[in-house]
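What follows is a short report on a single structure.
If you're wondering where the values come from, they're calculated on a predicted model, not measured in any experiment. So that the names make sense, note that chain A is the first sequence line, chain B the second, and so on, each numbered from 1.
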There are 2 protein chains.
Amino acid sequence: MPKPTFFRLPDERRDRLVEEAILEFAERTYAEASLSQIAQRSRIPKGSFYQYFEDKLDLYRWLLTDEVPRRKRAFVGDVGRDRDFWTRLEDTIERGMAFLVEHPRLARLSAAAADPTAIIEVRGLHKAICEAGIEELRSLLEQGVASGAFEAPDLDVATRLVATIIGPGLTDVVLRELGAELHEVLASDSLRKRLGPKRRRVLAHQAVLFIRHGLGG
Amino acid sequence: MPKPTFFRLPDERRDRLVEEAILEFAERTYAEASLSQIAQRSRIPKGSFYQYFEDKLDLYRWLLTDEVPRRKRAFVGDVGRDRDFWTRLEDTIERGMAFLVEHPRLARLSAAAADPTAIIEVRGLHKAICEAGIEELRSLLEQGVASGAFEAPDLDVATRLVATIIGPGLTDVVLRELGAELHEVLASDSLRKRLGPKRRRVLAHQAVLFIRHGLGG
DNA sequence: TCGGCATGCGACCGACCAGTCATATGACCG
DNA sequence: CGGTCATATGACTGGTCGGTCGCATGCCGA
């Protein structure tokens with residue numbers, strides 16, 4: 001958690017630091033990311049940085065568990081609880097793609113929880129985030145079963161397979177759709193024009209069809 | 001590519017270096033991995049290492065494009081071409097799980113191509129390996145379509161979704177099945193006892209059912 | 001006006017890294 | 001024997017890193 005001083009900072013200064021940190025951690029792995037770079041680019045002396053955060057991990061953890069999820073929720077909004085299960089799944093997927101296209105760097109950080117690393121604290125952090133995501137998806141799927149949308153002999157296995165489809169799988173598909181590398185996308189602020197709402201709906205629908213009926217549908 | 005000197009090395013010395021390199025690159029990201037560690041653990045002076053390889057990347061590339069695939073092919077063997085498409089897919093998946101269980105470190109290196117990194121040369125290498133894998137899977141799926149096993153409106157999208165299922169998705173499922181973290185698995189030489197051929201067949205079958213019929217099957 | 005406290009700051013520290021280089025070794029040849 | 005060539009070796013270089021420390025600054029209430 002950031003130190004109290006951080007929250008007392010002038011907005012402009014704090015924002016500069018946060019944006020540069022998001023940029024750095026989106027473009028590089030935790031291990032590759034450099035505090036010195038973040039400090040330099042946000043024009044905040046390293047000594048000052050340590051007035052705001054305990055250390056590199058403290059900043060990274062705050063971004064992954066607080067700042068990024070907050071912004072993601074704000075963007076994605078609530079997927080209506082009143083709808084049919086398959087529609088909700090499709091909405092979830094469409095919103096996920098929208099987030100990726102409109103806020104690529106936040107989306108990348110959001111996905112960073114799947115990154116491998118030898119640093120044990122980071123691994124623990126990543127694992128906790130992954131498990132939370134799995135749990136959320138699992139509860140959605142449980143409601144799907146309850147509503148009779150489908151049956152699953154092993155909901156754990158099903159959850160994990162669906163999770164990889166709507167996570168890395170769809171990211172892969174979207175990047176191919178955009179005809180761009182992840183790092184090109186990260187450098188761009190918005191790819192609205194190249195993957196608008198209509199096309200996203202089509203892709204989301206295809207994905208749901210695949211999850212629902214597989215290849216043989 | 002390794003320098004000629006490398007191939008003239010006494011087997012024992014060469015093997016020691018290769019094994020320690022595989023261990024290091026399996027447990028750590030390319031950026032995290034340390035040549036100094038590899039050298040120290042394989043009791044080969046750093047100066048000598050540079051007689052065998054151009055640099056760190058040269059070693060990593062050789063492992064990922066030559067040594068590991070060679071060992072993987074040797075282990076996995078050929079999946080019979082004469083069989084039914086769905087059977088071949090199931091075999092492919094079962095062999096993949098077997099490889100993961102019997103040679104966790106090689107399997108991890110094999111999957112490292114999906115790791116993100118800011119190092120441009122490594123990104124190029126990883127991308128090339130990923131594309132080759134996608135291409136291979138795509139040609140399998142093409143045969144599936146040709147044989148009438150299924151239809152796919154967009155084979156590119158289908159290929160990528162199937163790839164993430166049988167890649168990260170199944171790894172995830174297997175780890176859960178083993179009740180272990182990836183790093184615990186890497187430390188173990190063989191998990192034969194905890195995920196034998198019979199159980200692997202069951203899981204592979206489930207996975208194929210999911211790919212074939214989705215959740216709604 | 002003064003003193004104290006939160007904050008700003010950048011030079012600095014020790015650790016580690018990838019990669020180099022000068023020197024040493026020893027097998028083979030004339 | 002002397003000479004050459006492939007190879008072995010580890011101290012060393014230059015650089016980056018995360019993190020610290022001691023001093024400077026400026027706002028506060030008294």
Side-chain angles (χ1 to χ4, degrees), chain A residues 1-18 20-21 23-25 27-64 117-125, chain B residues 1-18 20-21 23-25 27-64 117-125:
Chain A
M1 266 294 149
K3 303 180 181 179
T5 313
F6 175 69
F7 297 107
R8 276 183 238 122
L9 241 35
D11 286 3
E12 197 259 339
R13 188 179 169 93
R14 193 177 51 235
D15 290 350
R16 242 171 37 220
L17 176 58
V18 172
E20 289 298 338
L23 187 60
E24 178 78 3
F25 284 121
E27 284 183 342
R28 316 176 108 82
T29 298
Y30 176 82
E32 290 168 344
S34 152
L35 271 194
S36 302
Q37 283 292 326
I38 296 174
Q40 206 167 315
R41 286 212 272 256
S42 58
R43 300 188 314 279
I44 285 173
K46 258 170 72 176
S48 298
F49 171 84
Y50 284 90
Q51 306 260 13
Y52 313 144
F53 291 91
E54 292 296 337
D55 51 24
K56 185 183 177 184
L57 180 61
D58 193 28
L59 166 61
Y60 186 66
R61 183 174 32 223
W62 178 72
L63 286 176
L64 257 63
T117 173
I119 301 155
I120 190 156
E121 297 90 349
V122 177
R123 228 159 56 212
L125 172 61
Chain B
M1 265 293 150
K3 302 180 182 180
T5 313
F6 175 69
F7 296 107
R8 275 183 237 121
L9 241 34
D11 287 3
E12 198 259 338
R13 188 177 169 95
R14 193 177 51 234
D15 290 349
R16 243 171 36 222
L17 176 58
V18 172
E20 290 299 337
L23 187 59
E24 179 77 3
F25 284 120
E27 284 182 344
R28 305 174 182 277
T29 298
Y30 176 82
E32 290 168 344
S34 151
L35 270 193
S36 302
Q37 283 292 325
I38 296 174
Q40 206 166 316
R41 284 214 272 257
S42 58
R43 300 189 314 281
I44 286 173
K46 255 169 79 173
S48 298
F49 171 85
Y50 284 89
Q51 304 264 14
Y52 313 145
F53 291 91
E54 292 296 336
D55 51 25
K56 186 183 176 183
L57 181 61
D58 192 27
L59 166 61
Y60 186 66
R61 182 174 34 223
W62 178 71
L63 286 176
L64 257 62
T117 175
I119 302 155
I120 190 157
E121 296 90 350
V122 177
R123 228 158 57 212
L125 173 61

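Under the 30°/60° scheme for interplanar angles, the aromatic rings of B:F25 and B:Y60 are found to be tilted. Taking the six-membered ring where tryptophan is involved, the planes of A:Y52 and A:F6 are tilted, since the angle between them lies from 30° to 60°.
Per the geometry, CD belonging to B:Q40 stands 12 Å off C1' belonging to D:dG10, to the nearest Å. Atom pair B:F7:CZ and D:dT7:P shows a separation of 13 Å (rounding to whole Å applied).
In this view, A:F49 and A:L17, A:L35, A:F53, A:L59 satisfy the side-chain contact (heavy atoms from CB on, under 4.5 Å) rule, not counting sequence neighbours. Residues passing the side-chain contact (heavy atoms from CB on, under 4.5 Å) test with A:E54, sequence neighbours excluded: A:K3, A:D58. Looking at residues two or more places apart in sequence or on another chain, you find a side-chain contact (heavy atoms from CB on, under 4.5 Å) between B:L23 and B:E20, B:E27, B:R105.
The heavy-atom pair separating A:Q51 from A:T5 by the smallest distance is O-CB, 3.6 Å. Scanning both residues, A:I44 and A:R16, for their nearest heavy atoms gives CG1-NH2, 4.1 Å. Minimum heavy-atom separation, A:S36 to A:K46: OG-NZ, 3.1 Å.
Using a 4.5 Å cut-off on side-chain heavy atoms (C-beta onward), A:R41 and A:E24 make contact. Using a 4.5 Å heavy-atom threshold, the side chains of B:S48 and B:R13 count as touching.
Defining each end axis of the helix from C:dG4-D:dC27 to C:dG30-D:dC1 as the rotation carrying four pairs' C1' atoms onto the next four, with five pairs an end, the two axes are found to diverge by 20° to 10 degrees.
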Exercise. How does protein reach along nucleotides 6-19 of chain C, written 5' to 3' as B (base within reach of a heavy atom under 4.0 Å), S (only sugar-phosphate), or - (no contact)?
Worked result: SSBBB------SBB

For nucleotides 23-28 of chain D, give me every protein contact, N/O to N/O, under 3.5 Å, one pair per line with atom names.
none

